[in-house]
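Right, one structure below, let's go through it.
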Number of protein chains: 2
Amino acid sequence: MQQLDFTSLLKQYNLKATPQRIIFLKELMDAGHLSIEELESRVKSVIPTISTATIYKNINSMVQKGLLNEVKLPGVKTKYEITKYKHAHFFCKSCQKVFDIKVDTSCIYQEIDKEFSIDEIDVSVQGICRECLKDDKKVS
Amino acid sequence: MQQLDFTSLLKQYNLKATPQRIIFLKELMDAGHLSIEELESRVKSVIPTISTATIYKNINSMVQKGLLNEVKLPGVKTKYEITKYKHAHFFCKSCQKVFDIKVDTSCIYQEIDKEFSIDEIDVSVQGICRECLKDDKKVS
DNA sequence: CTGACTGCAAACGTTTTGCACGGTA
DNA sequence: TACCGTGCAAAACGTTTGCAGTCAG
């Protein structure tokens, strides 16, 4: 995705397209999922003069407008991703990476929609990714 | 559950049964799921002299030993519950209460266990609980 | 009796705020 | 030009730490 796309993406969400925000989104797009800490260090390596306050202000405004999505996973700091189609997350306990996965939640609906009115279902899975499974074999 | 049960529960997890910890667990058992803030205010209403540091130290040691479980839900502060059988959570957007629910995750396994080695699946559902649905009808 | 737990206060890291300046639309 | 966004510094939070005294086992 080029810079122009981030510009129009920001405008779609009623946010001004500043250089800081474009780098911000670029880093998030490249990495997929980043904690505030990770995002800050990545953005600062591109724009060393950016202030921490700006990082926070942008995360908050983008989450509030719906451009970013908060990803809460067990035992890990909250991460952020650019909002896209609804999906689940896989967290690899070995490499600590987060993967987007597609899951079928039909079996979950069937169990509980008698008792509750369901708006949304969030699924997160933990385990070992294929890449780390391969590495394990090499080591052992 | 009586006080004696909390005492033995703490001992099972190699934690000394102090009065602070017993109240701590009692409040969590009554409420089901509490944030640090909520837990602190409830415990302080029983033992006003308890210090915030003790609250934090106990949460950390109990989570580390496995007596408590961290519950991360979208858009809400992290809550804690006494560890029990594996279950999912339902969060009511109206009354803000958390309910324990039983879900069948078989359909999720089938989709992704070709690509990943799965250790655990977490499911959280948001919507409106039956009680709030009833209240809505009364109002409208 | 000993090690673990508590309470206090200070320290620390993270997030927010206010304000003057600068840049986008 | 009119706002919105940025950067800085200070303030406000939330959480952790060190230590002396206390208590459970």
Side-chain angles (χ1 to χ4, degrees), chain A residues 3-28 34-68 70-72 75-80, chain B residues 3-28 34-68 70-72 75-80:
Chain A
Q3 193 161 311
L4 188 62
D5 297 302
F6 291 125
T7 302
S8 50
L9 184 61
L10 285 162
K11 283 178 189 169
Q12 277 171 43
Y13 283 90
N14 289 308
L15 292 162
K16 288 194 175 175
T18 65
Q20 289 88 340
R21 284 179 178 166
I22 288 162
I23 300 300
F24 202 98
L25 290 179
K26 194 165 144 36
E27 293 302 322
L28 262 174
L34 292 173
S35 66
I36 295 185
E37 241 186 341
E38 292 164 342
L39 184 59
E40 182 173 8
S41 89
R42 273 167 166 266
V43 172
K44 280 198 170 160
S45 74
V46 183
I47 321 177
T49 54
I50 199 173
S51 79
T52 305
T54 300
I55 305 275
Y56 280 98
K57 283 171 186 168
N58 281 334
I59 286 181
N60 290 336
S61 59
M62 290 183 191
V63 168
Q64 196 226 321
K65 302 250 171 153
L67 206 180
L68 296 189
E70 225 180 37
V71 181
K72 289 189 169 188
V76 194
K77 281 190 189 160
T78 299
K79 292 180 179 278
Y80 296 85
Chain B
Q3 193 160 312
L4 189 60
D5 296 301
F6 291 124
T7 301
S8 50
L9 184 62
L10 284 162
K11 283 178 188 167
Q12 276 172 43
Y13 284 89
N14 289 309
L15 292 163
K16 288 196 174 176
T18 65
Q20 289 87 340
R21 286 180 176 164
I22 288 162
I23 300 301
F24 202 98
L25 291 179
K26 194 165 143 34
E27 292 302 322
L28 262 175
L34 291 174
S35 66
I36 295 184
E37 242 188 340
E38 291 163 344
L39 183 59
E40 182 172 8
S41 90
R42 272 168 167 265
V43 172
K44 280 199 169 159
S45 76
V46 183
I47 320 178
T49 54
I50 200 172
S51 78
T52 305
T54 300
I55 304 275
Y56 280 97
K57 283 170 186 169
N58 280 335
I59 285 181
N60 291 337
S61 59
M62 289 183 191
V63 167
Q64 195 227 322
K65 303 250 170 151
L67 206 178
L68 296 189
E70 225 180 37
V71 182
K72 289 188 171 190
V76 195
K77 281 190 188 160
T78 299
K79 292 180 179 279
Y80 296 85

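Chain letters run A, B, ... following the sequence lines, proteins first and then strands; every chain starts at 1.
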**Request:** Check the pair B:Met62 / B:Leu25 against side-chain contact (heavy atoms from CB on, under 4.5 Å), numbers first and verdict last.
**Result:** CA-CA 10 Å; B:Met62 289 183 191; B:Leu25 291 179; 4.0 Å; yes
**Request:** With sequence neighbours left out, write down each residue that passes salt bridge (charged side-chain N to carboxylate O under 4.0 Å, His left out) with A:Arg21, or none if nothing qualifies.
**Result:** none
**Residue list, salt bridge (charged side-chain N to carboxylate O under 4.0 Å, His left out) with B:Glu38, at least two apart or on another chain** = B:Lys79
Please give, in whole Å, the distance from [N] [atom2] to [X] [atom1]?
| X | N | atom1 | atom2 | result |
| --- | --- | --- | --- | --- |
| B:Tyr80 | D:dG14 | OH | C1' | 12 Å |
| A:Tyr13 | C:dA25 | OH | P | 18 Å |
| A:Glu38 | C:dT14 | CD | P | 13 Å |
| B:Leu67 | C:dC5 | CG | C1' | 16 Å |
| A:Ile22 | C:dT24 | CD1 | P | 9 Å |
| A:Phe6 | C:dT24 | CZ | P | 18 Å |

**Message:** Run the side-chain hydrogen bond (donor to acceptor under 3.5 Å, both in side chains) test against B:Thr54 and tell me which residues pass, sequence neighbours left out.
**Reply:** B:Ser51
**Item:** Gap separating the CG atom of B:Asn58 from the CD1 atom of B:Ile50, nearest 0.5 angstrom
**Value:** 6.5 Å
**Item:** Pairing pattern in dot-bracket form [Watson-Crick, G-U; both distances under 3.5 Å; | = partner strand] for DNA chain C
**Value:** |||||||||||||||||||||||||
**Asked** Are any side-chain N or O atoms of A:Lys72 and backbone N or O atoms of B:Val76, one a donor and one an acceptor, separated by less than 3.5 Å?
**Response** yes
**Asked** Should we count CD of B:Glu37 as having more than 12 external heavy atoms under 6.0 Å?
**Response** no
**Asked** Under 4.0 Å between a side-chain N/O of A:Gln20 and OP1 or OP2 of C:dG23, yes or no?
**Response** no
Show the nearest heavy-atom pair for residues [X] and [Y], with the distance to one decimal.
| X | Y | answer |
| --- | --- | --- |
| B:Phe24 | B:Leu68 | CE2-CD1, 4.1 Å |
| A:Ile36 | A:Tyr80 | CG1-CE1, 3.7 Å |
| B:Glu27 | B:Leu34 | O-CD1, 3.8 Å |
| A:Glu70 | B:Gly75 | OE1-N, 3.8 Å |

**Prompt:** Reading nucleotides 20-25 of chain D 5' to 3', which nucleotides get B (base under 4.0 Å from a protein heavy atom), which S (sugar-phosphate only), which -?
**Reply:** ----BS
**Asked** Is there a residue in residues 46-64 of chain B whose heavy atoms reach under 4.0 Å of DNA chain C, and which residues are they?
**Response** B:Thr49, B:Ile50, B:Ser51, B:Ala53, B:Thr54, B:Lys57, B:Asn58
